[in-house]
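As structure tokens, the structure follows; a few thoughts come after it.
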Protein chains: 2
Amino acid sequence: MRSHRRRDEHAPRAEQKQATRQALLDAALRLVADKSFDSVSLREVTREVGIVPTAFYRHFESMDELGLVLVDETFRTARRLVRAAREGPLPAEQRIRRSAEALVHYVQAHRPYFQFLVRERFGGVAVIRSAIRHEIRLFESELATDLARAPELSAINTADLQILAGLLVTAMTAITEQVLELPPRGEGLDDVIVLAEKQLRLILLGASIWQSR
Amino acid sequence: MRSHRRRDEHAPRAEQKQATRQALLDAALRLVADKSFDSVSLREVTREVGIVPTAFYRHFESMDELGLVLVDETFRTARRLVRAAREGPLPAEQRIRRSAEALVHYVQAHRPYFQFLVRERFGGVAVIRSAIRHEIRLFESELATDLARAPELSAINTADLQILAGLLVTAMTAITEQVLELPPRGEGLDDVIVLAEKQLRLILLGASIWQSR
DNA sequence: CACCTCAGTGCACGAGTGTGCACCCAGTTG
DNA sequence: CAACTGGGTGCACACTCGTGCACTGAGGTG
């Protein structure tokens with residue numbers, strides 16, 4: 001029974017602390033794969049990492065705080081997807097297809113994060129719920145200003161663009177949920193992509209002939 | 001400290017049992033209002049009802065079983081809404097508006113049930129999740145066959161109708177979630193109705209000019 | 001009226017929980 | 001090299017939890 005067990009002996013102190021902290025976050029993410037966050041105990045998390053329960057407090061004040069950091073990490077991850085999608089050139093016709101593909105593959109590649117997001121979005125911990133809601137609202141607004149630049153949508157006023165953005169995000173969320181329902185090594189991925197493309201196309205088709213007021 | 005305490009003394013036995021059973025369901029529904037189902041304990045539920053923990057087993061084999069009954073009750077409730085919406089005459093133009101109103105008001109009037117549904121749809125208990133998923137899929141199919149009867153949508157093949165139904169249900173779910181985000185005595189209800197109407201209208205607008213294949 | 005049924009009781013158990021406290025010792029710092 | 005810092009330890013506490021068991025007493029039944 002050694003004390004001060006660590007993954008990497010002889011590592012600088014700050015670095016080692018960061019490693020343990022990240023290990024706690026990873027462990028929590030792993031545990032919420034098959035139960036909800038508020039039924040994961042502090043002790044479970046530390047057990048998974050291999051440290052004693054009280055050592056948890058050297059890194060987080062409570063499980064809630066850890067949860068909020070998890071939300072943050074998740075959206076940092078998600079933002080990378082969006083930025084990539086935004087920067088790509090816009091061949092108009094191919095664009096919807098590419099977006100659907102990107103979304104589905106990205107979610108599949110980062111399952112645990114999106115799993116957490118989808119589950120805790122309406123989960124039992126209020127602070128986490130509202131943190132996620134806030135980030136999603138932010139995302140919708142960004143999308144709305146993006147859409148404002150599209151000439152095909154010039155007949156839509158700002159308020160309606162916000163609604164359109166909301167609907168698109170809703171659809172993307174639903175697609176995300178469908179990816180997560182697939183078995184982890186997903187064969188049905190291509191079907192979901194086709195479905196995603198059609199849903200997005202349908203919405204944008206409606207938007208293209210929508211007249212505000 | 002009396003034993004055999006009961007809400008209604010001198011009641012027929014079977015009736016009394018049913019009352020306790022319902023009280024357990026109601027208590028559970030009340031408790032999931034601010035935590036997730038799998039972190040509600042059997043003891044909490046019985047404490048809320050005012051019976052001893054072990055008496056729980058006279059009514060349900062486990063919390064999971066109670067959860068499944070709750071899913072059932074919830075969808076029995078939801079089905080009443082759908083049936084009402086379906087039976088109403090179809091003045092085409094007013095129809096979307098009326099549906100949006102009906103949905104929003106109905107959700108508001110049965111908050112606890114829909115709260116439970118939304119939260120546990122992706123919650124930590126697998127059997128409940130899949131029970132809910134199953135019911136929703138059923139609902140989508142019913143909606144799809146309904147849509148098949150609409151002349152405006154005759155250019156859409158069966159597979160695409162299923163997708164359209166899925167998208168509509170997704171939108172309705174999102175609207176449900178928004179109603180639940182409102183304060184219980186909701187003032188913002190009317191705004192959500194307007195939003196719901198626009199979203200549904202947008203989708204159906206796209207559908208009306210969609211050409212399968 | 002005697003007997004049976006069974007919803008609800010009361011107790012006890014082992015297991016799991018969050019957190020306070022004193023301690024230890026490797027890594028850093030003057 | 002001596003002193004300090006702070007991540008991790010080990011123990012202890014007071015809970016809560018699910019469930020097994022023997023029980024009680026009111027409601028139903030022959």
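Here the structure is a predicted model, which means the values were calculated and not measured. In what follows, chains are A, B, ... by sequence order, proteins preceding strands, each numbered from 1.
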Taking 4.0 Å as the cut-off, does a side-chain nitrogen or oxygen of B/Ser41 come that near to OP1 or OP2 on D/dT16?
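Answer is no, no contact under 4.0 Å.
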Which listed nucleotide ([options]) is nearest to the side chain of [X]?
X       : options                : value
B/Arg43 : C/dA7, D/dG8, D/dT19   : D/dT19
A/Thr54 : C/dA7, D/dG20, D/dC11  : D/dC11
A/Glu44 : C/dT17, D/dT19, D/dC17 : C/dT17
B/Ala55 : C/dT9, D/dG18, D/dG27  : C/dT9
B/Arg13 : D/dT19, D/dG27, C/dG18 : D/dG27

How long is the line joining [atom1] of [X] and [atom2] of [N], in whole Å?
X       : N      : atom1 : atom2 : answer
A/Lys35 : C/dG16 : NZ    : P     : 12 Å
A/Tyr57 : C/dC21 : OH    : C1'   : 13 Å
A/Gln22 : D/dG7  : CD    : C1'   : 17 Å
A/Phe60 : C/dT19 : CZ    : P     : 15 Å
A/Leu42 : D/dT16 : CG    : C1'   : 16 Å
B/Ile51 : D/dT19 : CD1   : P     : 15 Å
A/Asp38 : D/dC17 : CG    : P     : 14 Å
A/Glu15 : D/dG7  : CD    : P     : 15 Å

Can you say whether a donor on the side chain of B/Arg58 sits under 3.5 Å from an acceptor on the base of C/dG8, or the other way round?
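Under the 3.5 Å cut-off, the side chain and the base do form a donor-acceptor pair.
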Both B/Val52 and A/Arg47 contact DNA chain C. Which one's nearest nucleotide lies toward the 5' end?
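Upstream on the strand: B/Val52.
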Any carboxylate oxygen within less than 4.0 angstrom of a Lys/Arg side-chain nitrogen, looking at B/Arg76 and B/Glu73?
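No, no charged N to carboxylate O under 4.0 Å.
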Under a 4.0 Å N-O cut-off, is there an ion pair linking B/Glu44 with B/Lys35?
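Salt bridge between B/Glu44 and B/Lys35, a charged N being under 4.0 Å from a carboxylate O: yes.
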Using side chain to side chain donor-acceptor pair (under 3.5 Å), reason through B/Ser39 and A/Ser39 one step at a time and then give a plain yes or no.
CA-CA 5 Å; B/Ser39 67; A/Ser39 69; 5.9 Å; no
I want to confirm an ordering. Mapping B/Ala14 and A/Lys17 to their closest nucleotides on DNA chain D, which one lands closer to the 5' end?
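Upstream on the strand: A/Lys17.
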Please figure out whether A/Pro53 or B/Glu61 has its closest DNA chain D nucleotide nearer the 5' end.
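That would be A/Pro53.
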For a quick test of your reading: what N or O donor-acceptor pairs under 3.5 Å do the side chains of residues 170-178 of chain A make, sequence neighbours left out?
from: A/Thr170; atom 1: OG1; to: A/Gly166; atom 2: O; distance (Å): 2.9
from: A/Thr173; atom 1: OG1; to: A/Val169; atom 2: O; distance (Å): 2.7
from: A/Thr176; atom 1: OG1; to: A/Met172; atom 2: O; distance (Å): 2.9

Worked check of side chain to side chain contact (heavy atoms under 4.5 Å, CB included) between A/Arg133 and B/Glu181:
CA-CA 10 Å; A/Arg133 250 206 268 295; B/Glu181 285 172 25; 3.1 Å; yes
